[in-house]
Amino acid sequence: MKVRIIEMPLDYGASRRGADMGPSAIRLAGLRDKLNSLGIDSDDLYPPIAIPPQEYIDPASELPVDGAKHLGPILDACGELAQNVESVLKAGDFPLILGGDHSIALGSLAGAASAHAETGKRIGVLWVDAHGDFNTTQTTPSGNIHGMILAASCGFGIPELTGFYTGKRKVDPANVCYIGVRDLDRGERALMKEAGVTVWSMSDIDRNGISKTVAEITRHFRENVDTVHVSFDIDAIDPRFAPGVGIEVPGGLTYREVLFLMEEMANTGMVSSADMVEVNPVHDIRNSTAKMAVNLIGRLLGETVF
Ligand SMILES: NC(=[NH2+])NCCC[C@H](N)C(=O)O
Ligand SMILES: [Mn+2]
Ligand SMILES: [Mn+2]
């Protein structure tokens with residue numbers, strides 16, 4: 001298998017700046033050495049998607065659209081990403097998308113949905129996150145698009161987002177599984193229930209343990225879909241372990257628990273694309289969060305200890 005790394009240096013979707021440095025931090029933390037050590041070919045390099053840093057944009061040129069901040073630059077960058085993801089999948093390779101804030105998943109899911117629609121594969125999404133990212137412009141407390149992107153991909157929100165790239169919804173909410181959730185806004189929570197996504201919250205893990213929880217998730221995918229996109233927001237991990245994030249939410253998954261989750265997802269043999277997002281080097285300690293991201297990617301791509 002070939003892995004194509006696609007870097008999305010974008011921080012337009014979040015309030016806290018700095019996630020645009022995520023791709024370099026993950027690269028410097030040794031991503032390609034990790035892939036090489038696993039015998040994975042990642043030699044075909046794309047240049048990072050060209051995204052002008054916010055300082056280079058005239059704020060007057062991009063007013064918020066219906067309360068969605070920076071919609072224009074996000075749509076532009078995600079359009080390019082979607083094309084790349086689609087062509088990588090069509091070539092039979094694995095797109096690994098490095099964020100950037102979580103708004104980049106709009107492009108990943110659009111490209112994946114489009115590629116899999118052609119082969120008739122039902123796509124599932126594993127959303128590893130402290131958050132729901134299921135707001136619309138009606139429910140958002142912040143106007144930040146990274147908090148809206150999964151709702152949009154499931155068909156909820158403004159048409160610029162819901163109809164993006166394919167003209168229709170990207171994923172059936174019944175095939176969306178969440179793990180790590182512990183911080184939902186009131187309106188987004190109601191919409192998640194209405195949409196019918198499945199949530200394994202931190203309380204579920206407290207009650208049943210990580211092993212049983214992960215087994216339920218992998219069974220859900222095995223029984224309902226043909227292929228899975230993993231979207232990993234690093235803030236799912238407890239900030240004690242992963243300080244380099246945009247929004248710290250205490251009470252999260254341990255580093256061990258997410259390594260195990262990635263190993264078990266690899267064992268399904270169903271994962272065909274992935275995002276690693278919200279690594280924020282400005283808040284990191286000696287690039288430790290980016291190093292965790294590299295190890296998580298390794299496990300997701302089949303690394304085992306023994
Ligand atoms: N991808 C993320 N880190 N999203 C955080 C979203 C936070 C909050 N729910 C909002 O809509 O603004
Ligand atoms: Mn997120
Ligand atoms: Mn999050």
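Side chains are part of it too, since the values below use all heavy atoms of this structure and drop only hydrogens, waters and symmetry mates. Index from 1, following the sequence. Order of listing sets the numbers, starting from 1, for every ligand and every atom in it.
Hydrophobic clustering (ILVMFWY, side-chain heavy atoms < 4.5 Å, transitive): Leu126 and Val181 are in distinct clusters.
When only modelled atom types and interatomic distance are considered, Asp33 and Ser37 share no side-chain donor-acceptor pair under 3.5 Å. Between His102 and Asp129, the side chains place a donor N or O and an acceptor N or O closer than 3.5 Å (distance only, hydrogens not considered). With 3.5 Å as the limit, one finds no donor-acceptor pair spanning the side chains of Asp206 and Ser203. A donor-acceptor pair shorter than 3.5 Å can be found between the side chains of Glu86 and Ser114. A donor-acceptor pair shorter than 3.5 Å can be found between the side chains of His146 and Glu278. Checking Thr213 against Asp204 by side-chain atom types alone, no donor-acceptor pair falls below 3.5 Å. Between the side chains of His229 and Asp275, at least one donor N or O sits under 3.5 Å from an acceptor N or O.
With a heavy-atom cut-off of 4.0 Å, Val277 does not touch ligand 1 at all. In Ser15, neither the side chain nor the backbone holds a heavy atom less than 4.0 Å from any atom of ligand 1. Of all the heavy atoms of Asp133, the ones lying under 4.0 Å from any atom of ligand 1 belong exclusively to the side chain.
For ligand 1, the atoms lying closer than 4.0 Å to a non-hydrogen atom of Glu188 are 9 (N). Heavy-atom proximity to Gly147, at under 4.0 Å, picks out these atoms of ligand 1: 6 (C), 11 (O). Ligand 1 places these atoms under 4.0 Å from at least one heavy atom of Ile247: 5 (C), 7 (C). Here is the list of ligand 1 atoms found below 4.0 Å of a heavy atom in Pro141: 11 (O). Every atom of ligand 1 with a heavy atom of Asp233 under 4.0 Å away is listed here by number and element: 1 (N), 2 (C), 3 (N). Under a 4.0 Å criterion applied to the non-hydrogen atoms of His102, ligand 1 contributes the atoms 1 (N).
Shortest contact from atom 9 (N) of ligand 1 to any protein heavy atom: Asp185 OD2, 2.6 Å. Scanning all protein heavy atoms for the shortest distance to atom 2 (C) of ligand 1 gives His146 ND1, 3.2 Å. Annotation: atom 12 (O) of ligand 1 to nearest protein heavy atom, Ser142 OG, 2.5 Å. With respect to atom 11 (O) of ligand 1, the closest heavy atom belonging to the protein is Asn135 ND2, 3.0 Å.
For ligand 1, the polar-atom distance check finds an N/O of Asp235 within less than 3.5 Å of one of the ligand's N/O atoms. At under 3.5 Å, a nitrogen or oxygen of Glu278, whether backbone or side chain, sits near a nitrogen or oxygen of ligand 1.
Nearby protein atoms of type N, O or S around the Mn ion (ligand 3) amount to 5 (distance under 2.8 Å).
Enclosure of atom NZ in Lys90 by more than 12 non-hydrogen atoms of other residues, nucleotides or ligands within 6.0 angstrom is indicated.
The pair Arg32-Asp43 meets the salt-bridge criterion, since a charged nitrogen lies less than 4.0 angstrom from a carboxylate oxygen.
Here Asp44 pairs with Lys2 under the side-chain hydrogen bond (donor to acceptor under 3.5 Å, both in side chains) rule; sequence neighbours left out.
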Going through the distances and angles, do Glu263 and Thr304 end up as a side-chain contact (heavy atoms from CB on, under 4.5 Å)? CA-CA 8 Å; Glu263 288 171 3; Thr304 51; 6.0 Å; no

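Relative ring orientation between Phe134 and Phe156 is described as tilted, the plane-to-plane angle lying within the 30° to 60° band.
Within the structure, the closest approach of Gly246 to ligand 1 does not fall below 4.0 Å when heavy atoms are considered.
Of all non-hydrogen atoms in Cys78 and Leu106, the two that sit nearest each other are SG-CB, 4.0 Å.
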